[in-house]
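If you're wondering where the values come from, they're calculated on a predicted model, not measured in any experiment. Only heavy atoms go into these numbers, but all of them, side chains included; no hydrogens, no water, no symmetry mates.
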Amino acid sequence: MISEYSPTFLLNLSLIYLLIAVFCAIIKNNSFSIFVSLLLIIIYVTLFGLRDYSIGSDTRDYVENFLYNNNNFEPLFVVITSLIQLITSNPTAYLLILSLIYGVNIFFAYIIFGKNVKSHITIFIWFLLFSLTPLLGIINYFRQPISISFFLLGLAVYLNKKKINFLSGFLFIFSTLIHYSNIIFLLLLVFSRFINLKAIFFIFIIALLLFLDDFGLFIINKYGDYHIVQKTLAKHIHLNAKRSISTIHMYIFLYFSHLLIFLYFYKYRINNKIYTDLLKLYVLILSVSVFLSFNREIAIRIYVPLQYILPILYMHIYTHIKQKLTFSLLFISYGLFYFCYILNRPWFTDQFSGNIN
């Protein structure tokens with residue numbers, strides 16, 4: 001098992017993946033790009049699936065649950081765990097199988113989205129894999145990234161077919177039964193079908209104002225004794241002391257900055273229903289995340305799907321502009337800058353070194 005992933009190792013791994021992705025973009029062979037993307041994802045999930053149990057704050061919890069069934073997880077995650085227990089009693093194999101499920105779902109979702117816009121996906125796969133949420137997700141809050149991978153695959157099938165069919169419906173339900181937070185995203189997806197983008201952006205502005213006015217804390221302080229408030233808005237709020245408010249401000253700033261870019265291209269360049277539907281879902285998830293940012297632990301978990309949707313929106317932009325080289329240089333530069341930033345944050349690197357307090 002791998003006992004440490006140093007910042008140097010992670011950076012070198014990212015640079016190797018980037019060079020391979022650039023090579024795929026240069027040769028412009030779609031079949032080769034697809035094969036390489038799958039290979040890169042398998043290597044990625046295998047590397048982190050073979051981690052020592054000290055890596056990531058939640059790994060030991062999942063290992064102990066696998067060995068002793070001592071956690072009350074969502075029903076479908078329990079079923080998946082039980083099925084793996086029939087195959088192996090090795091916790092490392094368990095983590096590896098879960099990682100592979102996650103990676104394969106991401107791969108097929110991006111394949112579907114890439115085919116819709118006739119785009120090579122390797123560079124966008126690189127951007128996703130070495131972003132904050134997927135990296136922390138694969139070693140920490142494992143159930144949610146796996147459930148998000150099923151949700152994303154269901155979303156790809158749904159938008160590709162332009163309607164809910166058996167497969168997309170099955171994947172959506174599957175995702176919610178692995179992690180209940182996906183119920184929120186599914187409801188937002190349904191809601192997005194009945195409202196236009198201007199109204200959704202207005203909802204975002206309201207959510208931001210409510211957050212700045214501490215409206216959520218007002219509800220907790222006034223109605224915190226009610227059971228429904230305790231189980232929703234107030235859940236995990238005691239962990240605020242461990243989460244810096246600057247982290248929340250960074251999330252809001254980054255995702256809002258991307259939103260402005262997406263809105264610009266929506267207005268002036270892109271007339272594509274899939275792009276519009278993804279953008280509507282992006283803004284709604286961002287709105288809920290911002291509103292819930294008074295409860296930092298919950299908010300960070302609601303932000304999770306945005307990181308998976310974000311590269312897909314940029315994939316659409318890439319295929320609709322003529323300045324592809326300029327776009328690629330800016331896109332890569334941002335990805336590297338952000339990755340280097342998180343590699344210099346102790347709260348991030350400690351997760352990969354096993355130095356968790």
Side-chain angles (χ1 to χ4, degrees), residues 12-49 96-131 133-135 137-138 145-162 165 167-168 170-171 174-175 270 272-275 277-278 305 307-322 324-325 327-332 334-336 339:
N12 288 336
L13 183 64
S14 175
L15 291 175
I16 291 171
Y17 271 49
L18 174 59
L19 289 174
I20 294 172
V22 170
F23 176 74
C24 289
I26 292 172
I27 65 171
K28 297 181 179 179
N29 185 311
N30 193 49
S31 297
F32 180 74
S33 175
I34 290 173
F35 170 76
V36 170
S37 297
L38 177 60
L39 183 62
L40 292 179
I41 288 176
I42 290 176
I43 293 172
Y44 177 92
V45 298
T46 300
L47 278 172
F48 294 110
L96 183 58
I97 292 171
L98 290 179
S99 299
L100 288 170
I101 293 172
Y102 166 75
V104 169
N105 285 343
I106 295 297
F107 169 75
F108 281 112
Y110 269 67
I111 285 292
I112 296 172
F113 282 117
K115 283 185 176 180
N116 281 324
V117 291
K118 297 181 174 59
S119 172
H120 299 290
I121 64 170
T122 315
I123 195 71
F124 301 99
I125 291 288
W126 163 79
F127 185 91
L128 173 67
L129 295 181
F130 293 95
S131 298
T133 300
L135 278 167
I138 201 168
I146 292 175
S147 70
I148 289 295
S149 73
F150 280 103
F151 179 83
L152 190 67
L153 184 55
L155 183 63
V157 174
Y158 160 64
L159 293 179
N160 184 54
K161 298 295 184 181
K162 300 179 182 178
N165 59 11
L167 179 57
S168 59
F170 173 79
L171 289 168
F174 210 81
S175 70
I270 302 177
N272 180 288
K273 189 176 187 310
I274 292 178
Y275 180 85
D277 289 343
L278 279 172
Q307 190 60 71
Y308 295 84
I309 297 173
L310 192 148
I312 300 169
L313 288 168
Y314 277 117
M315 190 189 301
H316 279 260
I317 292 173
Y318 174 78
T319 60
H320 282 81
I321 61 174
K322 295 179 180 179
K324 287 182 168 45
L325 179 59
F327 170 88
S328 299
L329 291 174
L330 292 173
F331 185 70
I332 291 170
Y334 169 77
L336 283 175
F339 187 54

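- Looking only at distances, a side-chain donor or acceptor of Y17 sits under 3.5 Å from a matching main-chain atom of L40.
- Counting only N and O atoms by type, the side chains of N165 and S168 include a donor and acceptor under 3.5 Å apart.
- Between F113 and I121, the closest side-chain pair of non-hydrogen atoms is not below 4.5 Å.
- Counting only heavy atoms from C-beta outward, the side chains of Y158 and D277 never approach each other to under 4.5 Å.
- Expressed to the nearest 0.5 Å, how far CG of L15 lies from CZ of F130 amounts to 9.0 Å.
- Distance check, rounded to the nearest 0.5 Å: CE of M315 to CD1 of I123 gives 11.0 Å.
- Surrounding NZ of K324 are more than 12 heavy atoms belonging to other residues, nucleotides or ligands, all under 6.0 Å away.
- When each of Y275, F331, Y110 is checked for a ring-ring contact (aromatic ring centres under 6.0 Å, His included) with Y314, only F331 meets the rule.
- Within the 4.5 Å cutoff, side-chain heavy atoms of I112 are placed close to those of V157.
- In this structure, L313 CG and I317 CD1 are separated by 7.0 Å, a value rounded to the nearest 0.5 Å.
- In F108, the CZ atom is not crowded: 12 or fewer heavy atoms of neighbouring residues, nucleotides or ligands sit closer than 6.0 Å.
- Between V22 and I332, the closest side-chain pair of non-hydrogen atoms falls below 4.5 Å.
- Between L128 and I312, the closest side-chain pair of non-hydrogen atoms is not below 4.5 Å.
- Classification of the F124-F327 ring pair by plane angle, with boundaries at 30° and 60°, yields tilted.
- Rounded to the nearest 0.5 angstrom, F151 CZ and I148 CD1 are separated by 7.0 Å.
- A donor-acceptor pair under 3.5 Å links the side-chain atoms of Y44 to the main chain of L129, judged by distance alone.
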Check: When you look at Y318 and S328, which way does the side chain to side chain contact (heavy atoms under 4.5 Å, CB included) test go after all the steps?
Finding: CA-CA 8 Å; Y318 174 78; S328 299; 3.6 Å; yes
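- Separation of atoms CD1 (I106) and CD1 (I125) is listed at 7.5 Å; rounding is to 0.5 Å.
- For the pair S99 and I138, the minimum side-chain heavy-atom distance is below 4.5 Å.
- Side-chain contact between F339 and W126 is absent, with no heavy-atom pair separated by less than 4.5 Å.
- Side-chain contact check for V45 versus L96: every heavy-atom pair is 4.5 Å or farther apart.
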Next item on the list: Begin with the C-alpha distance, continue with both residues' side-chain angles, and end with the deciding distance and a verdict on side-chain hydrogen bond (donor to acceptor under 3.5 Å, both in side chains) for T122 and S37.
Entry: CA-CA 5 Å; T122 315; S37 297; 3.0 Å; yes
